Trainee: 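This is the structure, below, for whatever I ask next.
This structure is a prediction, so every number in the text was calculated from the model and none was measured. Letters A, B, ... are given to chains in the order of the sequence lines, protein chains preceding strands, and every chain is numbered from 1.
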2 protein chains.
Amino acid sequence: MVAKTSTLQDVARVAGVSTATVSRTLSNPDLVSESTRTRVAKAVQSTGYRINRAARNLRTRRAHSALVVLPDLANPFFSEILEGISRHLSGRGYSMLIASTNQVHESGERLIDYLDNARADGMIILDGGLSDDVVASLENTPQAGRVLFACEWIEGTGFASVRSENRRGTRTAVRYLHDLGHRKIGHVTGPSGNVLMHARHDAFVEEIRALNLELKPEWIIPGDFSLNAGCRAATSWLEMDDRPEAVFCASDQIALGFIAELTRNGVTVPDDVSVMGFDDIDFAEQFVPALTSIHQDRLLLGETAAKMLMARIDSPEDPAGDHAAVLPVSLVVRDSTARPKP
Amino acid sequence: MVAKTSTLQDVARVAGVSTATVSRTLSNPDLVSESTRTRVAKAVQSTGYRINRAARNLRTRRAHSALVVLPDLANPFFSEILEGISRHLSGRGYSMLIASTNQVHESGERLIDYLDNARADGMIILDGGLSDDVVASLENTPQAGRVLFACEWIEGTGFASVRSENRRGTRTAVRYLHDLGHRKIGHVTGPSGNVLMHARHDAFVEEIRALNLELKPEWIIPGDFSLNAGCRAATSWLEMDDRPEAVFCASDQIALGFIAELTRNGVTVPDDVSVMGFDDIDFAEQFVPALTSIHQDRLLLGETAAKMLMARIDSPEDPAGDHAAVLPVSLVVRDSTARPKP
DNA sequence: CTGCTTACTGTAATCGATTGCATAGCTCGC
DNA sequence: GCGAGCTATGCAATCGATTACAGTAAGCAG
């Protein structure tokens, strides 16, 4: 209907006040008298005024948006985290930008550009596998305080971060399998070099030691968080002379691939081998057998990350709240684990 | 390292030219002589200049970003489409904003605001279930040409759209089941009112008729694209006196839930009943049994949508390319379908 | 009644890049 | 040798909101 979008000037003219007053009415109503406030409100109504973000962003030196960086958009693990982030951001008038690392590289675009360009006020990175030069560029920018890692992180850097209790979750898993009666427990790991892989692997070994269990080197099967890694791991398991009777997988996707491949080879879970995962993705519940897993509250993780980022954007020097948050995980017992056959 | 980000002015000063020349060098090099061009390039280098998007956006009246609207961020079906969109956008210097419809409503934010606010130059909507007033607001804006539907669409509106061959895919599926030898074929539908649900349902019925097959009303089981809908449908199937021996599900998620629940009840797929889905999501291949499905090229769908949107942003009056694109689908045969038992 | 505070409101500079118009120097044709 | 036609560059207005600073009127104490 409105052919041309109207500006603050238009509203000011209609209301018979200055643009300053209109601006104040909109962003700082306390400074404006009751009567002008209603007059301006009417003018805003009649003109159909909508604020121009570009102008505001320029003047306030804020982009009013945050960038979320994923290793891979096509991974369902991240979607709920995004939902959590988005929920918090949009409540504060912020927009959520998304970029995936592989793509950023391909197009020659650099992450740091989002900050330098004033395209984003901060970023939440869900990928601990950034290359060294990218990390260095982020560390050396004056805006480093507005960079935050979620889920994953990078050892030896000072970035703020949110993560789940990977170690405790892992030890809980091992202890649970032990409590079921299993004594020979294996582990399919994440990709080598990945921080989550290390955290979970190390905690796994520690707990096995603490429980005084046997651990053959071949029972630790290298993987990479994917369905396919699970399939490959199943092949390894099938070829073993002395097989672990329970397997803790570093991710649900691994566990599902592992079970699928075993099933295709006539091995029954949990009768022949107990399998559990980590993450508790949506599919875990629906798989056959339903997957026992360590639950991560991804929604909360996303919200926490967004909240922390906003605090750091608002006061980079002295942000309210934590520098690092660690969220609780919980054991979810389903049908893929059982007592060993007598 | 650089304490303060430098501006065009700084570069101009260092290079000994005017800001106009620097701007032209950057955005329209042909207008500038070889020698100044290199001089400016050096100055850009030494000052570490990064363009300020907010300023550019204000002046050019472009946000240089596009909004993608999803019904639900947590649905893995969309991730690959996003990847496709993002790939095309970032190649052209555009950023990708994400919002989910449920959330936009909750926060009182309106989709149209993204356009009116100059936060986005256009939007790709993956949700055909927008409420009437939202649709009306989008139709009545002068920017309606920059709104595009992908995957889903809304009947009776003039928005551009990209979609897959839902009808042909469905008819292919039915014919395939028929060719296997099945004569009693059922269908689990999407949510009532959804355009995809209608397209697939109608095509299903048409093809059944064309093949002269029996179709009992109860063989059409209402669902809603989700895993749970599949589970519920399985319960219905189990309760039937005269069961269809093959079931075409309106989505892979339905099909997986359906199979899972059947399996839990001792029914074997495909021996006891053939099941197939639509979409060919990642999990389809890894499920046990691997799911026969109709493949949608979601990456291409995303890229096509982005391409069409860019064309419409560049020239809203007379966009190059199609107003509606329909992408081919293909049958992927796996293990969840088989000839009926003799 | 005077001077000071308080509560609003207006003026105008500002954020940083883009671009229409003006200008200067050069080439070229006749 | 003169004007037309380029090419390369600069000047300055502009996009639309925010905000420091200034000004005005009313309220109030003394």
Side-chain angles (χ1 to χ4, degrees), chain A residues 2 4-41 43-44 47-65 93 113-121, chain B residues 2 4-41 43-44 47-65 93 113-121:
Chain A
V2 196
K4 197 178 148 295
T5 67
S6 46
T7 71
L8 256 198
Q9 300 244 23
D10 300 325
V11 179
R13 198 177 324 112
V14 172
V17 297
S18 72
T19 60
T21 301
V22 178
S23 174
R24 281 189 283 255
T25 310
L26 265 32
S27 58
N28 226 336
D30 294 345
L31 297 178
V32 179
S33 76
E34 180 68 34
S35 64
T36 24
R37 215 152 42 186
T38 58
R39 213 135 43 86
V40 169
V44 166
T47 53
Y49 171 74
R50 308 263 86 210
I51 195 173
N52 182 316
R53 292 280 195 138
R56 161 140 70 133
N57 291 349
L58 173 59
R59 181 57 223 240
T60 59
R61 297 153 163 288
R62 280 285 168 80
H64 294 281
S65 65
D113 287 347
Y114 277 84
L115 293 178
D116 285 347
N117 278 342
R119 270 204 279 182
D121 297 320
Chain B
V2 196
K4 197 178 149 296
T5 66
S6 46
T7 72
L8 257 197
Q9 300 244 23
D10 300 325
V11 178
R13 198 178 323 111
V14 172
V17 297
S18 72
T19 60
T21 301
V22 178
S23 174
R24 280 189 283 254
T25 309
L26 264 32
S27 57
N28 226 335
D30 293 345
L31 298 177
V32 179
S33 75
E34 180 68 36
S35 62
T36 23
R37 215 152 42 191
T38 58
R39 210 136 45 87
V40 169
V44 166
T47 53
Y49 171 74
R50 308 262 85 210
I51 195 173
N52 181 315
R53 292 279 193 140
R56 161 145 63 141
N57 290 350
L58 174 59
R59 180 59 223 237
T60 59
R61 297 151 161 288
R62 282 285 170 79
H64 295 281
S65 65
D113 288 347
Y114 277 85
L115 293 178
D116 285 347
N117 278 341
R119 269 204 280 182
D121 297 320

Trainee: Whole angstroms only, please: what is the CZ-P distance between Arg13(A) and dA17(D)?
Mentor: 12 Å
Trainee: In whole Å, I'd like the distance from the CG atom of Asn28(A) to the P atom of dA7(C).
Mentor: 14 Å
Trainee: Between Arg61(B) and dG16(D), does any side-chain N or O lie under 4.0 Å from OP1 or OP2?
Mentor: yes
Trainee: By salt bridge (Lys or Arg N to Asp or Glu O under 4.0 Å), which residues pair with Arg24(A), not counting sequence neighbours?
Mentor: none
Trainee: Under the side-chain hydrogen bond (donor to acceptor under 3.5 Å, both in side chains) test, which residues partner Arg37(A), sequence neighbours left out?
Mentor: Glu34(A)
Trainee: Pairs of donor and acceptor atoms involving the side chains of residues 25-32 of chain B, under 3.5 Å and at least two apart or interchain, shall be tabulated with distances.
Mentor:
residue: Thr25(B); atom: OG1; partner: Thr21(B); partner atom: O; Å: 2.6
residue: Ser27(B); atom: OG; partner: Ser23(B); partner atom: O; Å: 2.9

Trainee: In degrees, rounded to 10°, what is the bend between the two ends of the helix from dC1(C)-dG30(D) to dC30(C)-dG1(D), using five pairs at each?
Mentor: 40°
Trainee: Check step by step if side-chain contact (heavy atoms from CB on, under 4.5 Å) holds for Asn117(A) and Asn52(B).
Mentor: CA-CA 5 Å; Asn117(A) 278 342; Asn52(B) 181 315; over 6 Å; no
Trainee: Name all residues meeting the side-chain contact (heavy atoms from CB on, under 4.5 Å) criterion together with Ala63(B); count only those two or more places apart in sequence or in a different chain, and write none if there are none.
Mentor: Ser65(B), Asp121(B)
Trainee: Thinking salt bridges, do Asp113(A) and Arg119(A) make one under a 4.0 Å N-O criterion?
Mentor: no
Trainee: Restricting to salt bridge (Lys or Arg N to Asp or Glu O under 4.0 Å), what partner residues turn up for Arg59(B), sequence neighbours left out?
Mentor: none
Trainee: Not counting sequence neighbours, which residues clear side-chain contact (heavy atoms from CB on, under 4.5 Å) with Ser33(B)? List them please.
Mentor: Ser35(B), Thr36(B)
Trainee: Please compare Asp30(B) and Ala54(A) by the position of their nearest nucleotide in DNA chain D and report the one closer to 5'.
Mentor: Asp30(B)
Trainee: Provide, to the nearest angstrom, the distance between the CZ atom belonging to Arg119(B) and the P atom belonging to dG16(D).
Mentor: 18 Å
Trainee: From the list dT9(C), dC15(C), dT9(D), which nucleotide is the closest neighbour of the side chain of Val32(B)?
Mentor: dT9(D)
Trainee: Can you tell me how far P of dA17(D) sits from CG of Asp10(A), to the nearest Å?
Mentor: 9 Å
Trainee: Strictly by salt bridge (Lys or Arg N to Asp or Glu O under 4.0 Å), give each pair with a member in residues 11-20 of chain A just once, sequence neighbours left out.
Mentor: Asp10(A)-Arg13(A)
Trainee: CG of Leu58(A) versus C1' of dA17(D): gap in Å, rounded?
Mentor: 9 Å
Trainee: Within a strict 4.5 Å, meaning less than it, do heavy atoms of the Val22(B) and Val17(B) side chains meet?
Mentor: yes
Trainee: Quick one: list whatever passes side-chain hydrogen bond (donor to acceptor under 3.5 Å, both in side chains) with Arg56(A), sequence neighbours left out.
Mentor: none
Trainee: Just the rounded figure in Å: distance from C1' of dA17(D) to CG of Asn117(B).
Mentor: 13 Å
Trainee: Between Leu31(A) (CG) and dT9(C) (P), how many Å, whole number?
Mentor: 10 Å
Trainee: Polar atom pairs between nucleotides 23-27 of chain C and protein, under 3.5 Å, N or O only, would you list them?
Mentor:
none

Trainee: Measure from CG on Asn57(B) to P on dG16(C) and round the result to the nearest Å.
Mentor: 14 Å
Trainee: Using atom names, set out every protein N or O paired with an N or O of nucleotides 17-19 of chain C below 3.5 Å, distance rounded to 0.1 Å.
Mentor:
residue: dA17(C); atom: OP1; partner: Tyr49(B); partner atom: OH; Å: 2.6
residue: dA17(C); atom: OP1; partner: Asn52(B); partner atom: N; Å: 3.4
residue: dA17(C); atom: OP2; partner: Leu8(B); partner atom: N; Å: 2.4
residue: dA17(C); atom: O5'; partner: Tyr49(B); partner atom: OH; Å: 3.3
residue: dT18(C); atom: OP2; partner: Ser23(B); partner atom: OG; Å: 2.8
residue: dT18(C); atom: O2; partner: Arg59(B); partner atom: NH1; Å: 2.4

